[in-house]
Amino acid sequence: MNLNVNYDNLEQSYLFSTIAKKVNEYIQNNPDKKVIRLGIGDVTLPLCKTVINALHNAVDEMGVQATFRGYGPEQGYDFLRTAVQGYYKSHNVDLELDEIFISDGAKSDLGNILDLFGINNTVLVPDPVYPVYVDTNIMAGRDVKFVDANGENEFLPMPDKNINADIIYICSPNNPTGAVYNKNQLKAWVEYALLNNAIILFDSAYECFISDNELPRSIYEIEGAKDCAIEFCSLSKTAGFTGTRCGYTIVPKNLGKLNKMWVRRQTTKFNGVPYIVQRAAEAVFSDEGQKEIKENINYYKDNAKIISDTLKDCNIWHVGGKHSPYIWLKCPNNMKSWEFFDYLLNNVQIVGTPGSGFGKNGEGYFRLTSFGSKENTIEAMARFKKLFK
Ligand SMILES: *Cc1c(COP(=O)(O)O)cnc(C)c1O
C-alpha cells in the first residue's frame, strides 16, 4: 500500500483556524466588548420564498408513488439545464443543453475537472487566490506557476507571452480581491489561451454581483472562449445555496473530446444532485426567484458600498466592493496583514481576513466582506473612521 505522497506537498492552512483562535482569546479576555465579524466568507440571508416553496413542493412529490424520483440523470434534469440555458441566453450566450452539467457546487467540479488533464501540464494561477485551485493541483502532483496580482495591475494580472501555460485559472469577480475583469482584459486572456492551445478554467461564482452590463458575467461573452474555456458557476453566493449545494459547469462541445470525457467522468463517479435541490435551483431562475435573489444581493452590495465609501473617506487604497461582496484594502501605515488584523481586533473589535493567507502578494493587504448585517457593517465602519480619518 502506497500513499499519495503529493499530499505531503500541501501547505498547511492556518488562516481560518488562527483567526478563530485569536478572536476567541480576545472575547474571553474582553467579555464586555462587542466584536463585529467582517471576515465572513459565507452568505447569511436565508433562502428566498420562491426557493422554499419549490423545496416544499418537491419534498411532497417524493412522498407520493406517482411522482417519486430515484436516480436522476448524472448531468442534471432537463428542467434545470433548460433554466440555466435560458439564464445564459439572457446575457447573450447560446449554449446547447448537453454543454450544461448540474453539480453539487463549484468547488467539487473545480477539483474533479482535473481528472481530464494529464500530469505534465503547466498550471497558471493568480496570486493571491482562492486556495482550491492550487491545492487540487498539488494533490494531483502538478507544478503550479503563479502570475502576480498586485497594486500595480489593480489585482487584475494580464497574460505574459513569455510563460507557456496549459491550464489557466481565472476568477472574476475575484475572491479574495473583488476585482473584476472587463471585456478587453478577458479577451486578452482568451487570445493568449487560443495561441498557447491552453484551457481556461473560469470561475464565475460571483457573476450575480455584477451590475454593469459592460462587464462580462460569463467568459463566453468573449469571442473564441467556447474554443478554450470551461466555466464553473454556483448558486452558493448568488442565491444563498452554500448549505443547499447546487452549481453548474459548462463544457462546450467546441473543446473536442473534453465534453465527452466529462460526461464519462460524471456518469462514472457522480450520481447527480438531489431532485429536491434541483427544483429549488430551477426556482432561482424563475422571474420571481430572480427578483428575490437580487434583493438579497443588493443587501450585500449596499454593505459593500458602506465599507468602500468609508475606505475612500479614510484615503485607504482598495479594490472590489462594487461588483463583489469582497473589499480588498491596503493596510494603512504599511502594516503587515496580521499586524493589521491584531490592530483592528484590539482597537475597534473588527475581524477581517489577512490578505497574506491567500498568497505572497496578499501580504500587506486585508479582506473585508459584506456578508454581515447592515447594522453591524455601519457600526464597524463608524469605528473604522475613528481610527483612520
Ligand atoms: C464560494 C466560492 C465558490 C463556490 O463554491 P461552492 O462549492 O459552489 O459552494 C467557488 N469559487 C469561489 C472563488 C468561491 O469563493
Side-chain angles (χ1 to χ4, degrees), residues 13 15-16 38-45 47 51 76 80 84 87 100-114 123-137 144 149 155-157 167-181 200-210 217-219 229-250 266 270 272-274 277-278 280-281 284-285 293 296-297 300 304 319-321 323-328 352-353 355 357-359 362 367-371:
S13 173
L15 180 62
F16 291 100
L38 295 185
I40 309 168
D42 193 358
V43 293
T44 53
L45 294 173
L47 293 173
V51 168
L80 180 52
V84 172
Y87 183 66
I100 301 167
F101 297 81
I102 306 304
S103 73
D104 61 352
K107 193 198 222 180
S108 26
D109 272 12
L110 279 160
N112 295 336
I113 201 78
L114 296 178
V123 180
L124 194 64
V125 174
D127 172 347
V129 75
Y130 180 57
V132 173
Y133 312 151
V134 180
D135 289 352
T136 49
N137 277 290
V144 176
F155 287 89
L156 293 169
I167 299 173
I168 301 158
Y169 285 84
I170 299 178
C171 177
S172 176
N174 190 271
N175 179 10
T177 68
V180 194
Y181 281 110
I200 294 173
L201 303 181
F202 189 77
D203 185 342
S204 63
Y206 296 93
E207 55 86 19
C208 251
F209 286 81
I210 293 178
R217 291 173 148 221
S218 160
I219 192 155
I230 295 175
E231 181 160 292
F232 303 84
C233 198
S234 161
L235 298 181
S236 281
K237 315 299 165 31
T238 64
F241 271 53
T242 49
T244 307
R245 312 301 311 142
C246 195
Y248 44 93
T249 293
I250 312 300
Q266 291 300 78
F270 183 57
V273 177
V277 172
Q278 293 194 55
V284 169
F285 296 106
I293 67 159
N296 288 357
I297 286 169
Y300 298 134
V319 291
H323 304 287
S324 159
Y326 301 122
I327 297 97
W328 181 255
T353 313
F358 299 101
R367 191 187 77 174
L368 295 176
T369 83
S370 63
F371 288 127

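All values reported here derive from a predicted model rather than from experimental measurement. Numbering of ligands and ligand atoms starts at 1, following listing order. Each residue takes its place number in the sequence, starting with 1.
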(message) Using 0.5 Å steps for rounding, measure from the CG atom of Leu201 to the CG atom of Asp109.
(response)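 It is 11.0 Å, given to the nearest 0.5 Å.
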(message) Distance check, rounded to the nearest 0.5 Å: Phe101 atom CZ versus Ile250 atom CD1?
(response)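 So the gap between those two atoms works out to 9.0 Å.
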(request) Using atom types as modelled and distance alone, determine if a side-chain donor or acceptor of Glu231 lies under 3.5 Å from a backbone N or O of Ile219. (result) yes
(message) Parallel, tilted or perpendicular, judged at 30° and 60°: which one describes the rings of Tyr206 and Phe209?
(response) tilted
(message) Over 60° means perpendicular and under 30° means parallel, so tell me whether Phe371 and Tyr326 are parallel, tilted or perpendicular.
(response)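 The arrangement is perpendicular - the two ring planes meet at more than 60°.
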(message) Can you give me the closest heavy-atom contact between Arg367 and Gly39, atom names plus distance?
(response)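 Answer, listing the atom of Arg367 first, then Gly39: NH2-O, 3.7 Å.
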Give a table of atom pairs where an N or O of ligand 1 lies under 3.5 Å from a protein N or O.
{"from": "ligand 1", "atom 1": "7 (O)", "to": "Ala106", "atom 2": "N", "distance (Å)": "3.4"}
{"from": "ligand 1", "atom 1": "7 (O)", "to": "Lys107", "atom 2": "N", "distance (Å)": "2.9"}
{"from": "ligand 1", "atom 1": "7 (O)", "to": "Arg245", "atom 2": "NH2", "distance (Å)": "2.7"}
{"from": "ligand 1", "atom 1": "8 (O)", "to": "Ala106", "atom 2": "N", "distance (Å)": "2.7"}
{"from": "ligand 1", "atom 1": "8 (O)", "to": "Ser234", "atom 2": "OG", "distance (Å)": "2.6"}
{"from": "ligand 1", "atom 1": "8 (O)", "to": "Ser236", "atom 2": "OG", "distance (Å)": "3.3"}
{"from": "ligand 1", "atom 1": "9 (O)", "to": "Ser236", "atom 2": "OG", "distance (Å)": "2.6"}
{"from": "ligand 1", "atom 1": "9 (O)", "to": "Arg245", "atom 2": "NH1", "distance (Å)": "2.9"}
{"from": "ligand 1", "atom 1": "9 (O)", "to": "Arg245", "atom 2": "NH2", "distance (Å)": "3.4"}
{"from": "ligand 1", "atom 1": "11 (N)", "to": "Asp203", "atom 2": "OD1", "distance (Å)": "3.4"}
{"from": "ligand 1", "atom 1": "11 (N)", "to": "Asp203", "atom 2": "OD2", "distance (Å)": "2.6"}
{"from": "ligand 1", "atom 1": "15 (O)", "to": "Asn175", "atom 2": "ND2", "distance (Å)": "2.8"}
{"from": "ligand 1", "atom 1": "15 (O)", "to": "Tyr206", "atom 2": "OH", "distance (Å)": "2.6"}
{"from": "ligand 1", "atom 1": "15 (O)", "to": "Lys237", "atom 2": "NZ", "distance (Å)": "3.3"}

